[in-house]
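Below, chain A is the first sequence line, B the second, and so on; all start at residue 1.
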Amino acid sequence: MKMSEKFNKPYDPKQNEEKIYKQWESSGYFNPDNLPAFPDGTPREQSWSCIMPPPNANGSLHAGHALFVTLQDIFTRFERMRGKRALWLPGADHAGFETQVVYEKKLAKEKRSRFQMSREELYKEIWDFTQYNKQFMEGQIKHLGASCDWSREKFTLDDDIVQIVYDTFKKLSDDKLLYRGLRSINWCPKHQTGLSNLEVSYEERTEPFYYIQYGPFTIATARPETKFSDKYIVVHPDDDRYAKYKHGQTFDVPWINGTITATLIKDKAGNPEMGTGAMTITPWHSEIDFDIAKRHNLDYEQIIDERGKLLPVAGEFAGMSIKDARPKIVEKLKELGLLIKIDEKYEHSVPLCYKCKREIEPQLKEQWFIKMSPLANRAREAIEKKDVKFVTERHKRIALHWLENLEDWNISRQIAWGIPIPAKICQDCGEGMIDLNNDVKKCQKCGSKKLEKDPDTFDTWFSSGQWPFATLGYPDKNDYKEFYPTNLMETGHDILFFWVLRMIMLGLYRTNKVPFKTVYLHGLVRDAKGIKMSKSKGNVISPLEISDKFGTDALRMALVVGNTPGTDLNLDPNKVGAYRKFANKLWNVARFVIMQVAEIDNLPNLDEENQIYRNLQNFVDEVTDDIQNYRLHLASEKIYHYIWHTFADKILEESKPILQGDDKKAAAIQARLLFEMLKIQLKILHPFMPFITETIWQELPEKDSDFLMVAFWPKK
RNA sequence: GGGCGAUUAGCUCAGUUGGCUAGAGCGCCACUCUUACAAAGUGGAUGUCGGAGGUUCGAGUCCUCCAUCGCCCACCA
């Protein structure tokens with residue numbers, strides 16, 4: 001036997017990785033349907049599946065993507081080697097709002113704006129943009145070694161996916177879990193769309209709190225600019241200070257733009273602890289106020305427009321932005337003698353658009369809402385019964401808590417980029433009607449024929465929340481029957497609420513089964529110093545650059561070793577460098593062992609009773625147990641340590657005298673031992689460092705499968 | 001206002017159900033170009049495991065309190 005000439009030193013990842021990936025791809029083994037049978041000829045029967053969280057098709061991969069690709073690939077390769085029909089299904093997400101925001105930034109750079117374009121033009125442009133990104137992204141995922149089945153790849157805007165999403169929408173309506181309602185929603189004045197509660201972030205601010213004379217009352221507010229037409233004053237029914245006034249009593253109140261008639265409302269929403277215990281309400285721009293108005297059947301009026309400017313009701317202030325108007329209004333209140341005092345140290349949290357950080361301006365809008373509590377209750381039950389298990393106990397607790405008091409979910413978005421909501425809106429009475437086949441011609445409520453298509457699109461999470469069963473072809477495709485429920489959902493803990501829990505709720509709702517049996521949540525990938533990566537800070541580490549420099553295998557190890565589930569990880573290039581060294585170490589170990597074997601003509605059989613060999617088998621069992629229990633951080637470190645400090649440092653060193661001694665038979669036996677041990681080590685390391693292990697495997701003079709990728713996991 | 005996590009070598013972090021004479025990588029010191037490997041090897045220094053109590057034969061690991069940092073949740077006019 002002779003060593004291949006390309007078995008050079010040191011190990012060069014670039015020379016091998018791309019080539020190996022192409023070989024894997026053309027082998028067809030990423031597709032579970034093509035996997036070879038067991039050595040004794042029995043076919044693979046047990047299935048295992050994982051759906052890839054579809055990356056947003058709006059940019060290149062970041063370190064977080066590299067982490068999930070690595071983790072999921074490890075599990076997939078492990079299960080495949082254990083003889084399962086392993087399916088890892090890849091996809092891409094149109095990522096509605098997120099993508100539109102990215103695209104709007106691009107437009108802004110080009111001095112363009114979406115408000116100068118038709119919806120159709122915008123949609124078309126973003127479509128081309130995502131198609132380009134999607135392709136680019138797939139190449140990057142391949143670069144990271146992902147052994148996913150590309151033949152089953154899905155996009156959230158594929159026709160069959162959209163059809164399933166529409167069916168769910170209809171079913172929710174039939175089951176009375178969907179309604180169209182006028183409600184206060186989180187409106188972003190910049191992006192011109194409503195947002196779900198999850199898409200609002202809060203910031204603690206200290207702002208002035210104004211005490212204003214309102215007839216016989218003193219009210220307190222942080223937002224005087226909303227108060228123009230306030231004509232209801234609300235106090236708690238049990239507030240003694242106001243016991244002398246009666247519910248429904250009216251007062252003539254000198255107000256900002258003249259005298260108005262105010263009505264007293266006694267409602268439990270009034271908080272005696274807050275300010276003076278008396279407040280006026282602005283139902284159009286506050287959810288609480290709107291709820292009060294509904295309870296008492298009060299009038300409401302829009303004060304601020306969608307762009308955050310004051311409407312004509314503001315009189316002389318009309319057309320001004322809130323920010324500009326506030327000090328001027330305060331000035332006028334002062335002139336009118338209505339301003340009593342200002343508390344400068346009022347601390348409260350201000351709702352902001354999670355993308356642009358502008359203040360959310362609540363607006364009343366007709367939107368589609370999903371009633372969450374029935375869905376949430378089922379999800380809680382499934383989690384409590386452990387139909388869905390969480391690898392990290394604390395995320396389970398967080399999940400259960402979140403599911404306890406879920407508000408209804410606004411799934412309407414006023415953006416072009418997304419799945420259009422299949423509905424018509426009556427222009428006369430405002431009734432919204434589901435219209436899957438474009439055959440609703442007149443209003444089901446008032447009979448009017450003036451119907452318009454609902455211009456809105458779905459919240460992107462409404463469609464991605466159906467991803468597991470939709471990608472597998474619910475309800476009748478073979479993949480659905482075989483692979484659903486999936487085994488593993490691996491994703492970032494930051495989208496536990498956005499995605500994971502929505503999938504559990506919608507999955508249970510649609511299929512009566514949980515969408516996945518186990519949830520593994522990883523943390524955020526930060527930079528070497530533990531600072532969150534961001535483009536503005538300029539500390540973004542590109543996984544592709546790191547991979548080019550150190551090799552994908554090294555990057556993968558750096559992402560896994562010491563990275564406990566759910567905890568944030570600092571990605572330090574030095575750490576990646578350490579695993580490049582390890583790759584080189586393994587390379588040289590393999591060279592040495594193959595060199596020894598190459599000098600022997602007839603290798604004897606392995607002595608399976610050999611103690612060193614048995615120790616390795618025990619070690620394999622331990623590592624197998626770690627992987628099965630999602631302790632990749634331990635498994636990877638142990639394998640690293642075994643290969644370097646047990647096998648290379650001790651076993652190989654102690655073998656040298658035997659190998660080079662006079663007893664040729666003993667040398668041959670020892671060579672066989674080392675060779676078999678090398679193969680086992682390659683196998684158990686393969687899920688973590690697939691490229692180098694496969695490269696070495698293909699240089700072996702004797703192997704038990706054409707590709708290491710489909711070799712069988714060692715066991716006693 | 002509620003909840004959660006972290007605090008271990010100079011730095012970044014592991015340490016699964018209590019058994020650790022506490023580990024890894026990087027960094028540091030000394031010596032070695034010994035044909036698997038200088039992207040290496042051999043040897044070495046460095047820690048009252050945030051603080052105070054407690055449970056235990058035994059605690060980095062469990063309990064209580066405290067301190068510092070970080071995160072999440074919550075319709076506080």
### Message
Tell me every residue that passes ring-ring contact (aromatic ring centres under 6.0 Å, His included) with His348(A), counting only those two or more places apart in sequence or in another chain.
### Response
Tyr346(A)
### Query
Where do Arg295(A) and Ala269(A) come nearest, in terms of heavy atoms and distance?
NH2-CB, 3.7 Å
### Query
Hey, is the side chain of Lys638(A) pairing donor to acceptor with the base of rA14(B) inside 3.5 Å?
no
### Query
What interatomic distance, in whole Å, is found between C1' of rU32(B) and the corresponding atom of rC37(B)?
14 Å
### NZ/NE/NH1/NH2 to OD/OE distance under 4.0 Å, Lys231(A) and Glu301(A)
no
### C1' atoms of rA24(B) and rC49(B), separation to the nearest Å
16 Å
#### Entry: Shortest non-hydrogen contact between Met505(A) and Ala379(A), atoms and distance
CG-CB, 3.6 Å
#### Entry: Heavy atoms from other residues, nucleotides or ligands near NZ of Lys532(A) exceed 12 (cutoff 6.0 Å)
no
### Query
Taking the same atom, P, in rC73(B) and in rA14(B), what whole-Å distance lies between them?
23 Å
Identify the pairs formed between an N or O of the protein and an N or O of nucleotides 22-28 of chain B at a distance under 3.5 Å, and give each distance.
| from | atom 1 | to | atom 2 | distance (Å) |
| --- | --- | --- | --- | --- |
| rC26(B) | OP1 | Lys581(A) | NZ | 2.7 |

### Query
Given the C1' atoms of rA22(B) and rG18(B), what is the spacing between them in whole Å?
14 Å
### Query
Atom CD1 of Ile531(A) to atom P of rC69(B): distance rounded to whole Å?
17 Å
### Task
Between Gly562(A) and Leu652(A), just flag the one whose closest nucleotide in RNA chain B comes earlier from the 5' side.
Gly562(A)
### Message
Expressed as a whole number of angstroms, how long is the span from Leu496(A):CG to rG5(B):C1'?
### Response
15 Å
#### Entry: C1' gap between rC20(B) and rG2(B), integer Å
38 Å
### Query
What nucleic acid atoms does Glu653(A) come within less than 4.0 Å of, heavy atoms only: base, sugar-phosphate, or nothing?
base
### Query
Whole Å only: how far is the CG atom of Asn584(A) from the P atom of rA38(B)?
8 Å
### Query
For rG5(B), does either OP1 or OP2 sit under 4.0 Å from a side-chain N or O belonging to Thr567(A)?
no
#### Entry: Donor + acceptor pair across side chains of Asn197(A), Asn186(A) (<3.5 Å)
yes
### Same-atom distance (C1') from rG19(B) to rA38(B), integer angstrom
40 Å
### Query
Considering only the C1' atoms, how many Å lie between rG47(B) and rA9(B), rounded to the nearest integer?
5 Å
### Query
Is the shortest distance from a Lys or Arg side-chain nitrogen in Glu361(A) or Arg223(A) to a carboxylate oxygen in the other one below 4.0 Å?
yes
### Message
Using atom P in both nucleotides, what's the gap between rG5(B) and rG43(B) to the nearest angstrom?
### Response
41 Å
## Note on the structure
Whole-Å distance, Asp12(A) CG to rC37(B) P, equals 18 Å
### Query
Please give, in whole Å, the distance from rG15(B) C1' to Glu622(A) CD?
13 Å
### Query
With a distance cut-off below 6.0 Å to the six-membered ring centre and an angular limit of 45° from the axis, does Lys585(A) pair with Tyr640(A) as a cation-pi contact?
no
### Task
Anything under 30° is parallel, anything over 60° is perpendicular, the rest tilted; go ahead and classify Trp255(A) against Tyr214(A).
perpendicular
### Query
Roughly, in whole Å, what's the span from CZ in Phe592(A) to P in rU34(B)?
16 Å
### Query
Which stems, defined as runs of 3 or more consecutive Watson-Crick or G-U wobble pairs with both pairing distances under 3.5 Å, involve RNA chain B?
B:1-7 with B:67-73, B:10-13 with B:23-26, B:28-32 with B:40-44, B:50-54 with B:62-66
### Protein-to-nucleotide contact annotation, 5' to 3' order, nucleotides 72-77 of chain B [B base; S sugar-phosphate only; - none; under 4.0 Å, heavy atom]
-S-BBB
### Task
Tell me what Asp568(A) touches on the nucleic acid: a base, only sugar-phosphate, or nothing, going by heavy atoms under 4.0 Å.
nothing
### Query
Nearest heavy-atom pair of Ile692(A) and Asp553(A): which atoms, and what distance?
N-OD2, 2.7 Å
### Integer-rounded Å distance: rU42(B) C1' and Lys650(A) NZ
13 Å
## Note on the structure
Across all chains, not counting sequence neighbours, the salt bridge (charged side-chain N to carboxylate O under 4.0 Å, His left out) partners of Asp626(A) are Arg631(A), Lys638(A)
#### Entry: Options rA36(B), rU12(B), rA39(B), nucleotide nearest the side-chain atoms of Arg580(A)
rA39(B)
#### Entry: Separation of rG41(B) P from Glu654(A) CD (nearest whole Å)
16 Å
### Query
With a 4.0 Å cut-off on heavy atoms, is Lys532(A) in touch with a base, just the backbone sugar-phosphate, or nothing at all?
nothing
### Message
Please determine whether a side-chain nitrogen or oxygen atom of Arg397(A) lies at a distance below 4.0 Å from atom OP1 or OP2 of rG5(B).
### Response
yes
#### Entry: Proximity to the side chain of Arg394(A) - top-ranked nucleotide from rU16(B), rG5(B), rC13(B)
rG5(B)
### Task
May I ask you to check whether Phe290(A) and Tyr300(A) place their ring centers less than 6.0 Å from one another?
yes
Side-chain donor-acceptor contacts of residues 393-404 of chain A below 3.5 Å, not counting sequence neighbours, with atom names and distances?
| from | atom 1 | to | atom 2 | distance (Å) |
| --- | --- | --- | --- | --- |
| Arg394(A) | NH2 | Gly566(A) | O | 3.0 |
| His395(A) | ND1 | Thr392(A) | OG1 | 2.6 |

### Task
Could you tell me whether the side chains of Tyr179(A) and Asp408(A) share a donor-acceptor contact shorter than 3.5 Å?
yes
